[in-house]
Amino acid sequence: MLILLLAAIIAVILVVTQATSSAFCWNSTATTVAGRVGVSDDAANRLDRPFGVALDSSNALYISDQTNNRVQKWLAGASTGTTVAGQASAVAGTTSDSLDAPSGVLLDSSGNIYVADTNNNRVQYWLQGASSGTTIVGVTGSAGSGNNELTNPYGIARDPSSGTLYIADQSNHRVMSYIAGASSGTVVAGGNGLGTANTQLKYPVGIYFDASSNSLIIANTGANNIVRWALGASSWTLIAGSINGTRGSNATLLNYPVGVTMDPMGNTYVADRNNHRIQLFLAGQSIGMTIAGVTNATGTSSTLLNNPYSMVFDAQLNLYVADTYNHRIQKFMHC
């Protein structure tokens, strides 16, 4: 009887293990779906240090083509992109139809585009199909620390139910919140100077709004960690990486994490830039697993990454990675 019971328990464990492995399995060999490895220029079929990626309902990619000062729309299966924000010629500028080193990019349900226009210290809003944008946050070209100013904004997130924007105001070491239509924002994370204390941020870059917990998941880049900051709280809790800023390449440490996202199950995914990998941290776990790239190995093959900056999932949990220094977007198929 005991033997039968043990056999049944082992069978259940095997089923659970196989299901878990399947849920968190991606092909280690990627397909290039935008750009061309090792080639960076401003042709429509090329990218130059792509930073942010977003997907619409048709799986068209929206890519902040940072060094080309534009956002490219890349239809699924297409061999070339179309400029939907900024200048197709890659010229930087401060006018409403121009961008300067865009980083974070996101879409709303109507296909309108929000862009963190980093070197212009502003966030631009482009109606779908428009030839120019509108400044909704920040003062063009003017860096500052006032509640209507930004200094090097990078990551952006949005609460779809309220329209509130959250902006990683990198060089001010804070995250700002702007309600829809407001010209002045509120500090909702950090703002207490540069540091690694749990009331501070250090050059935050990536950001994700977790509606289920009403909190922000922040790539606290300069501190080499990922933190959760509940809205209304005065400090963060650690999700991944070191609590004191230590960098590393083992399963518990990170080295200059810049991108962060979550899946519907509350698991966290990190673009661990200087380790050239994408790390998965299961909810409640501090030990990560590499799901794309090879730790500390950089290259141009289909299994390697070179300074990845961000990632996004489609509805089938296929993973798209901005392989930034390889000037391409890589797609890792879910198993």
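Residue indices begin at 1 and follow the sequence shown.
- Atoms CE and CZ, on Met289 and Phe24 in that order, are 7.0 Å from each other to the nearest 0.5 Å.
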Can you check side-chain contact (heavy atoms from CB on, under 4.5 Å) on Met262 and Tyr269, steps first, answer last?
CA-CA 6 Å; Met262 296 182 78; Tyr269 301 79; 5.6 Å; no
Yes or no on side-chain contact (heavy atoms from CB on, under 4.5 Å) for Asn224 and Asn255, after CA distance, side-chain angles and deciding distance?
CA-CA 6 Å; Asn224 298 299; Asn255 189 350; 4.2 Å; yes
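- In this structure, Phe51 has its ring center under 6.0 Å from that of Tyr154.
- Between His173 and Tyr203, the closest side-chain pair of non-hydrogen atoms falls below 4.5 Å.
- At distances below 3.5 Å, at least one donor-acceptor pair connects side-chain atoms of Gln124 with backbone N or O atoms of Thr135.
- The backbone N or O of Asp48 lies less than 3.5 Å from no partner atom in the side chain of Ser40, so there is not a single donor-acceptor pair.
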Are Thr151 and Gln170 close enough, and set up right, to give a side chain to side chain donor-acceptor pair (under 3.5 Å), and what steps lead you there?
CA-CA 7 Å; Thr151 302; Gln170 192 223 36; over 6 Å; no
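- Expressed to the nearest 0.5 Å, how far CG of Asn27 lies from SG of Cys335 amounts to 6.0 Å.
- Rounding to the nearest 0.5 Å gives a distance of 4.5 Å between CG of Leu150 and CG of Asp169.
- Smallest separation of non-hydrogen atoms from Asn172 and Gly144: ND2-O, 2.8 Å.
- The CG atom of Asp56 sits 11.5 Å away from atom CG of Asp314, with the distance rounded to the nearest 0.5 Å.
- Judged by distance alone, with hydrogens and angles left aside, the side-chain atoms of Asn275 form a donor-acceptor pair with the main-chain N or O of Gly248 at under 3.5 Å.
- Listed by chain and residue number, Thr95 satisfy the side-chain hydrogen bond (donor to acceptor under 3.5 Å, both in side chains) test with Ser98 (two or more places apart in sequence, or in another chain).
- Hydrophobic clustering keeps Leu253 apart from Tyr256 (ILVMFWY residues linked when any side-chain heavy atoms are closer than 4.5 Å, directly or through intermediates).
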Mind running side-chain contact (heavy atoms from CB on, under 4.5 Å) on Leu216 and Leu231 for me, showing each step along the way?
CA-CA 7 Å; Leu216 298 170; Leu231 293 174; 3.9 Å; yes
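- The number of heavy atoms from other shown groups lying within 6.0 Å of CZ (Phe209) is above 12.
- When all heavy atoms of Arg328 and Leu304 are compared, the pair lying nearest together is NH2-O, 3.1 Å.
- Criterion: ILVMFWY side-chain heavy atoms under 4.5 Å apart, direct or through other members. Under it, Leu280 and Val227 are not part of a common hydrophobic cluster.
- Residue pairs meeting the side-chain hydrogen bond (donor to acceptor under 3.5 Å, both in side chains) criterion with at least one partner in residues 281-296, sequence neighbours excluded, are Ser249-Asn296, Arg277-Thr295, Gln279-Thr290.
- The aromatic rings of His334 and Trp26 sit perpendicular to each other, their planes meeting at more than 60°, with 30° as the lower class boundary.
- Heavy atoms only, all atoms of each residue included: Ile63 and Pro50 are closest at CG2-CB, 3.6 Å.
- Linking Ile, Leu, Val, Met, Phe, Trp and Tyr whenever their side-chain heavy atoms come within less than 4.5 Å puts Val53 and Leu55 in one cluster.
- A donor-acceptor pair under 3.5 Å is absent between the side-chain atoms of Asp117 and the main chain of Val123, judged by distance alone.
- When all heavy atoms of Ile329 and Ala322 are compared, the closest pair comes out as CD1-CA, 3.7 Å.
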side-chain contact (heavy atoms from CB on, under 4.5 Å), that's the test. Do Ile291 and Phe332 meet it? Break it down for me.
CA-CA 9 Å; Ile291 62 169; Phe332 295 84; over 6 Å; no
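- Within a 6.0 Å radius of CG in Leu194, other residues, nucleotides and ligands contribute more than 12 heavy atoms.
- Checking Asp159 against Thr164 by side-chain atom types alone, no donor-acceptor pair falls below 3.5 Å.
- Of the options Arg49, Arg46, Arg36, a salt bridge (charged side-chain N to carboxylate O under 4.0 Å, His left out) to Asp41 is made by Arg46 and by none of the others.
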Run the side chain to side chain donor-acceptor pair (under 3.5 Å) test on Asp42 and Asn68 for me, step by step, so that the C-alpha distance in whole Å, both residues' side-chain angles and the decisive distance to 0.1 Å come before the verdict.
CA-CA 6 Å; Asp42 59 7; Asn68 281 329; over 6 Å; no
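- Residues passing the side-chain hydrogen bond (donor to acceptor under 3.5 Å, both in side chains) test with Thr324, sequence neighbours excluded: none.
- From Cys25, atom SG reaches atom CG of Leu317 across 11.5 Å, with rounding to the nearest 0.5 Å.
- Leu127 CG: more than 12 foreign heavy atoms inside a 6.0 Å radius.
- In this structure, Asn112 contributes its side chain and Gln128 its backbone to a donor-acceptor pair below 3.5 Å.
- For Tyr62, the ring pair (Phe, Tyr, Trp, His ring centres under 6.0 Å) criterion is met by no residue, not counting sequence neighbours.
- A distance-only check finds a donor-acceptor pair linking the side chain of Asp108 to the backbone of Ser110 [under 3.5 Å].
- Of the possible donor and acceptor atoms, none in the side chain of Asn147 sits under 3.5 Å from a partner among the backbone N and O of Val187.
- Taken together through direct or relayed side-chain contacts under 4.5 Å among Ile, Leu, Val, Met, Phe, Trp and Tyr, Ile113 and Ile136 form parts of separate hydrophobic clusters.
- Placement of Val84 and Leu99 within a single hydrophobic cluster is found when ILVMFWY residues are connected by side-chain heavy-atom separations under 4.5 Å, directly or transitively.
- Put simply, the side chain of Asn69 does not reach to within 4.5 Å of the side chain of Val91, judged on heavy atoms.
- Using a distance-only test at 3.5 Å, with no hydrogens or angles considered, no donor-acceptor pair links the side chain of Trp126 to the main chain of Asp97.
- For the atom pair Trp229 CH2 and Ile207 CD1, the distance stands at 11.5 Å (nearest 0.5 Å).
- Using a distance-only test at 3.5 Å, with no hydrogens or angles considered, no donor-acceptor pair links the side chain of Trp74 to the main chain of Asn45.
- Atom CZ of Arg247 has 12 or fewer neighbouring heavy atoms from other residues, nucleotides or ligands inside a 6.0 Å radius.
- Across every non-hydrogen atom of Thr199 and Ser235, the tightest pair is CG2-CB, 4.1 Å.
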Taking only distance into account, with no hydrogens and no angle test, what donor-acceptor pairs under 3.5 Å do side-chain atoms of residues 239-246 form with protein atoms, sequence neighbours excluded?
unit_1: Ser242; atom_1: OG; unit_2: Asn244; atom_2: N; d: 3.1
unit_1: Ser242; atom_1: OG; unit_2: Asn244; atom_2: OD1; d: 2.4
unit_1: Ser242; atom_1: OG; unit_2: Gly245; atom_2: N; d: 3.3
unit_1: Ser242; atom_1: OG; unit_2: Thr246; atom_2: N; d: 3.1
unit_1: Asn244; atom_1: OD1; unit_2: Thr246; atom_2: N; d: 3.3
unit_1: Asn244; atom_1: OD1; unit_2: Thr246; atom_2: OG1; d: 2.8

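- Residues satisfying the side chain to side chain contact (heavy atoms under 4.5 Å, CB included) criterion with Ala219, sequence neighbours excluded, are Thr221, Ile226, Val260.
- In terms of modelled atom types and a separation under 3.5 Å, the side chain of Asn120 and the main chain of Arg122 share no donor-acceptor contact.
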List the steps and the verdict of side chain to side chain donor-acceptor pair (under 3.5 Å) for Thr31 and Gln330.
CA-CA 6 Å; Thr31 302; Gln330 295 291 86; over 6 Å; no
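- Listed here is the closest heavy atom pair of Ile278 and Leu319: CG2-CD2, 4.5 Å.
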